[in-house]
Amino acid sequence: MFGDLLSSRWFQGGLAFFVLVVGGSLLYSWHTLRTTESDMERHDRLLGQQKQKETRTAEEVNVPTATESPGLVNTPDENTDTQMPDTTEALPNETEFADIADAFLPDDMFPEEAPAEDVVVSRFGLGPYPETPKEWNFLPNHWETYETIAEELLTRVTIKMYNEGIRSKYGSVGVSPTGQVIALERGSVLVEYEIDENGEKKIWSTLVHPDDLSPGMYTRFSDIPSDLKIVTADEIGFDAYEYLGLSK
């Protein structure tokens with residue numbers, strides 16, 4: 001039976017294939033090993049030559065010969081003048097250094113300038129509007145509702161008086177078209193009058209706080225209670241522009 005197995009063609013073919021595979025593997029391994037050793041020897045030889053070249057170059061630079069090449073400065077003797085090189089290498093100026101530094105700075109190193117907010121100014125040429133006290137609950141666009149410069153001046157004057165803490169002492173505040181402010185204090189009555197044919201002052205207009213004088217017709221000075229101070233516009237009036245620090 002064993003003899004039959006040895007005489008089988010399949011067995012003989014398989015055995016021959018096995019021998020070829022094993023022999024090829026051994027031959028490839030031997031070839032690879034020799035190639036690697038050869039490459040290592042060549043690399044070590046080149047590395048040694050490079051080191052020898054660098055050592056020789058360093059010695060030539062550090063040890064000057066009897067005749068130095070132009071541009072080299074030897075260590076001078078005590079009584080020997082030192083010759084400096086004829087040319088010097090140009091150094092970058094400050095602008096070049098700044099350009100180089102800027103090139104490496106991040107973009108967010110310098111913050112961008114915040115955009116300037118639009119300042120709303122008076123359409124009557126009075127400049128920027130003052131801040132209105134929040135407790136007054138004015139509409140945000142109340143400045144745009146004024147039809148005359150006198151109306152805007154009145155609001156500006158009232159705001160300044162409020163900020164100065166003096167608004168409460170006035171019963172009423174008004175501004176004429178010419179910019180004259182009439183601030184009437186409590187306990188006073190503003191009168192406008194004319195002199196009649198008899199030379200008497202005849203009142204044709206009164207302005208007073210309702211709590212200081214009862215409604216009625218007051219045509220003569222004698223009709224007004226003596227506890228009220230009678231004043232005129234010329235006596236108590238002042239210039240709105242001067243008070244607000246504005247130019248006409």
Side-chain angles (χ1 to χ4, degrees), residues 108 110-248:
D108 57 352
F110 303 101
E112 297 181 358
E113 295 183 359
E117 297 182 357
D118 294 335
V119 178
V120 182
V121 297
S122 167
R123 59 192 181 100
F124 297 108
L126 301 180
Y129 294 121
E131 184 178 357
T132 305
K134 295 180 179 180
E135 53 270 26
W136 288 5
N137 296 323
F138 277 13
L139 294 175
N141 63 336
H142 71 93
W143 295 105
E144 301 175 4
T145 63
Y146 302 142
E147 298 180 355
T148 64
I149 190 172
E151 292 178 308
E152 182 176 324
L153 283 172
L154 176 59
T155 301
R156 286 175 178 265
V157 168
T158 305
I159 290 175
K160 185 174 182 180
M161 286 182 173
Y162 178 84
N163 293 333
E164 293 176 345
I166 61 175
R167 175 61 184 88
S168 58
K169 75 175 185 178
Y170 297 106
S172 63
V173 178
V175 177
S176 69
T178 60
Q180 185 185 36
V181 180
I182 304 298
L184 185 63
E185 295 184 10
R186 290 294 305 271
S188 299
V189 53
L190 177 68
V191 299
E192 294 185 11
Y193 63 91
E194 61 183 3
I195 300 176
D196 60 14
E197 63 276 7
N198 298 323
E200 295 183 2
K201 297 178 180 178
K202 185 177 181 180
I203 298 175
W204 57 271
S205 174
T206 59
L207 178 63
V208 66
H209 192 277
D211 294 340
D212 293 339
L213 185 65
S214 301
M217 295 294 297
Y218 301 91
T219 59
R220 300 183 182 278
F221 279 64
S222 58
D223 296 337
I224 298 176
S226 59
D227 60 330
L228 294 180
K229 181 181 179 180
I230 300 176
V231 296
T232 64
D234 294 337
E235 294 173 348
I236 65 174
F238 59 90
D239 187 81
Y241 294 93
E242 183 178 351
Y243 176 67
L244 296 172
L246 301 175
S247 58
K248 292 185 179 181

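By the side-chain contact (heavy atoms from CB on, under 4.5 Å) test, P140 pairs with no residue at all, sequence neighbours left out. The side-chain contact (heavy atoms from CB on, under 4.5 Å) search around P128 returns V119, V121, not counting sequence neighbours. Remark: T178 pairs with S176 by the side chain to side chain donor-acceptor pair (under 3.5 Å) rule, at least two apart or across chains. Applying the side-chain contact (heavy atoms from CB on, under 4.5 Å) test to N141 and every residue at least two apart in sequence or in another chain returns L139, E144. For K248, the salt bridge (charged side-chain N to carboxylate O under 4.0 Å, His left out) partners are D239, not counting sequence neighbours. Take S226 and apply the side-chain contact (heavy atoms from CB on, under 4.5 Å) test, not counting sequence neighbours, and it matches no residue. With sequence neighbours left out, the ring pair (Phe, Tyr, Trp, His ring centres under 6.0 Å) criterion links F138 to W136, H142. The side chain to side chain donor-acceptor pair (under 3.5 Å) test applied to E152 returns S122, R156, not counting sequence neighbours.
In this structure, CG on D223 lies 10.5 Å from OG1 on T206, to the nearest 0.5 angstrom. Distance check: L207 CG to L213 CG gives 10.5 Å after rounding to the nearest 0.5 Å. Taken from CH2 in W143 to CD in E151, the straight-line distance is 11.5 Å, to the nearest 0.5 Å. If you take CG on L228 and NE2 on H209, they are separated by 12.5 Å, rounding to the nearest 0.5 Å. From L126, atom CG reaches atom CG of L244 across 8.5 Å, with rounding to the nearest 0.5 Å. Here the straight-line distance linking atom CZ of R220 with atom NZ of K202 works out to 7.5 Å at 0.5 Å rounding.
Of all heavy-atom pairs spanning G179 and Y241, the tightest one is CA-CE1, 4.1 Å. Shortest non-hydrogen contact noted between A240 and V157 is CB-CG2, 4.1 Å.
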Review item, side-chain donor-acceptor pairs of residues 158-165, under 3.5 Å, at least two apart:
residue: T158; atom: OG1; partner: L154; partner atom: O; Å: 2.7
residue: K160; atom: NZ; partner: Y243; partner atom: O; Å: 2.3
residue: Y162; atom: OH; partner: E135; partner atom: OE2; Å: 2.3
residue: N163; atom: ND2; partner: I159; partner atom: O; Å: 3.3
residue: E164; atom: OE1; partner: Y243; partner atom: OH; Å: 2.8

Listing, residues 188-198 side-chain donor-acceptor contacts under 3.5 Å, not counting sequence neighbours, or none:
residue: D196; atom: OD1; partner: N198; partner atom: N; Å: 3.0
residue: D196; atom: OD1; partner: G199; partner atom: N; Å: 3.1
residue: D196; atom: OD1; partner: E200; partner atom: N; Å: 2.8

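Shown here is E235, whose CD atom has more than 12 heavy atoms of other residues, nucleotides or ligands within 6.0 Å.
Within the structure, the salt bridge (charged side-chain N to carboxylate O under 4.0 Å, His left out) test picks out the following pairs touching residues 170-191 (sequence neighbours left out): R186-D212.
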